[in-house]
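Down below is the structure, laid out as structure tokens.
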Amino acid sequence: MFTGLIQALGTIEPQESDQLRISCSSESADQILQGLAIGDSVAVDGVCLTVEEIHSLGFVASASPETLRRTTLGRQQMQNAWVNLETSLRVGSKLGGHFVTGHVDGVGEVRSLEKTANSWEITFTAPEIVARYIVPKGSIAVNGVSLTVSDCDNQGTWFKVAVIPHTFAETNLQYLEPDTWVNLEGDILGKYVERFLHFGSRGEVSSLETITPAFLAEHGYI
């Protein structure tokens with residue numbers, strides 16, 4: 001589990017047998033390597049990977065063919081590209097972003113970037129598998145960065161976020177350009193609500209008509 005608050009930037013270099021070598025700068029390596037152990041989880045551009053080797057400025061992890069296919073990690077643009085890094089959430093740590101699992105739902109694309117007086121406004125397109133969880137003022141992870149949706153269409157096939165200067169400067173969002181691919185993860189709360197509404201509490205297919213004030217009160221929501 002992660003928070004979507006990026007700790008450092010690193011570069012990614014494909015190795016043999018689906019292995020990826022992630023390296024940090026000497027200035028930021030301690031943010032990731034301090035306390036890091038073999039078997040720990042690290043979010044690399046929003047993708048949860050397991051540490052298999054640790055070296056002086058980074059680590060090595062493997063990405064399955066499924067992970068490479070469903071995320072940007074298997075795309076040509078990622079060779080020696082900057083990636084966002086975050087170690088897993090520890091008990092007692094501050095949760096300043098939102099709950100991010102590191103399980104990418106789909107790959108989106110940058111539509112436009114615009115600098116405003118106090119932020120960067122970035123618009124993305126999203127595939128249907130992610131779009132269903134996108135709502136105004138809801139949470140979404142873009143390349144592992146916890147962001148708030150400022151605007152979107154009714155279907156969620158495009159959405160806009162406002163990125164403050166600090167987040168922009170400390171993440172690889174600063175390197176985005178139109179047509180760049182990004183990893184997207186929808187809010188996990190929306191996924192559970194969707195399943196609950198569809199299948200109900202007994203695992204049976206239900207409908208929205210069954211969600212009444214009495215039903216919500218019975219299940220502790222009122």
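FYI, the numbering just counts along the sequence from 1.
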Side chains of [X] and [Y], heavy atoms from C-beta outward: is any pair under 4.5 Å?
{"X": "Asp18", "Y": "Pro65", "answer": "yes"}
{"X": "Leu89", "Y": "Phe2", "answer": "no"}
{"X": "Cys48", "Y": "Thr101", "answer": "no"}
{"X": "Pro127", "Y": "Leu184", "answer": "yes"}
{"X": "Val161", "Y": "Thr148", "answer": "no"}
{"X": "Ser28", "Y": "Leu9", "answer": "no"}
{"X": "Thr72", "Y": "Val182", "answer": "no"}
{"X": "Val107", "Y": "Arg75", "answer": "yes"}

Give, for atom [atom1] of [X] and atom [atom2] of [Y], the distance between the pair rounded to the nearest 0.5 Å.
{"X": "Leu113", "Y": "Leu176", "atom1": "CG", "atom2": "CG", "result": "6.0 Å"}
{"X": "Thr180", "Y": "Leu173", "atom1": "OG1", "atom2": "CG", "result": "11.0 Å"}
{"X": "Asp30", "Y": "Glu27", "atom1": "CG", "atom2": "CD", "result": "10.0 Å"}
{"X": "Arg21", "Y": "Phe59", "atom1": "CZ", "atom2": "CZ", "result": "11.0 Å"}
{"X": "Ser26", "Y": "Leu57", "atom1": "OG", "atom2": "CG", "result": "6.5 Å"}
{"X": "Glu185", "Y": "His98", "atom1": "CD", "atom2": "NE2", "result": "6.0 Å"}

If only side-chain N and O atoms count, and only distance matters, is there a donor-acceptor pair under 3.5 Å linking [Y] with [X]?
{"X": "Thr3", "Y": "Glu86", "result": "yes"}
{"X": "Thr171", "Y": "Asn84", "result": "no"}
{"X": "Glu13", "Y": "Ser23", "result": "no"}
{"X": "Thr157", "Y": "Glu128", "result": "no"}

Heavy-atom pair of closest approach, residues [X] and [Y]:
{"X": "Ala8", "Y": "Gln31", "answer": "CB-CB, 4.4 Å"}
{"X": "Lys137", "Y": "Ser150", "answer": "NZ-O, 4.3 Å"}
{"X": "Ala63", "Y": "Leu20", "answer": "CB-CD1, 4.0 Å"}
{"X": "Ile122", "Y": "Phe168", "answer": "CD1-CE1, 4.4 Å"}
{"X": "Ile32", "Y": "Cys24", "answer": "CG1-SG, 4.2 Å"}
{"X": "Ser119", "Y": "Pro165", "answer": "CA-CD, 4.4 Å"}

Exercise for the section: Start with the C-alpha gap between Gln7 and Thr87, add the side-chain angles, then the distance that decides, and say whether side-chain contact (heavy atoms from CB on, under 4.5 Å) holds. Expected result: CA-CA 8 Å; Gln7 296 168 297; Thr87 55; 2.9 Å; yes
Quick check: is [Y] connected to [X] through a chain of hydrophobic side chains (ILVMFWY, heavy atoms under 4.5 Å apart)?
{"X": "Val163", "Y": "Leu5", "answer": "no"}
{"X": "Val142", "Y": "Val110", "answer": "yes"}
{"X": "Ile129", "Y": "Trp158", "answer": "no"}
{"X": "Val100", "Y": "Val44", "answer": "no"}
{"X": "Leu85", "Y": "Val60", "answer": "no"}

Using only atom types and a distance under 3.5 Å, with no angle test, would you say the side chain of [X] pairs donor to acceptor with the backbone of [Y]?
{"X": "Asp153", "Y": "Gly156", "value": "yes"}
{"X": "Asp40", "Y": "Val51", "value": "no"}
{"X": "Asp187", "Y": "Leu189", "value": "yes"}
{"X": "Glu53", "Y": "Ala61", "value": "no"}

Practice task
Go through the steps for Leu49 and Leu73 under the test side-chain contact (heavy atoms from CB on, under 4.5 Å), then give the verdict.
Solution key: CA-CA 11 Å; Leu49 298 179; Leu73 297 187; 4.2 Å; yes
Exercise for the section: Would you sort out whether Glu114 and Trp120 count as a side-chain contact (heavy atoms from CB on, under 4.5 Å), showing the intermediate values? Expected result: CA-CA 6 Å; Glu114 181 181 355; Trp120 283 85; over 6 Å; no
Handout entry: Intermediate values then yes/no, side-chain contact (heavy atoms from CB on, under 4.5 Å), Asp151 and Phe159
Key = CA-CA 6 Å; Asp151 192 16; Phe159 66 96; over 6 Å; no
Practice task
May I ask you to check whether over 12 heavy atoms, not counting those of Glu66, lie within 6.0 Å of atom CD?
Solution key: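 For Glu66, atom CD is crowded (more than 12 foreign heavy atoms under 6.0 Å).
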Handout entry: Criterion side-chain contact (heavy atoms from CB on, under 4.5 Å) against Asp45, the qualifying member of Ile6, Val83, Ile22
Key =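 One option only clears the test, and that one is Val83.
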Problem - Salt-bridge present (Arg111, Asp179; N to O < 4.0 Å) - result: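 No salt bridge links Arg111 with Asp179.
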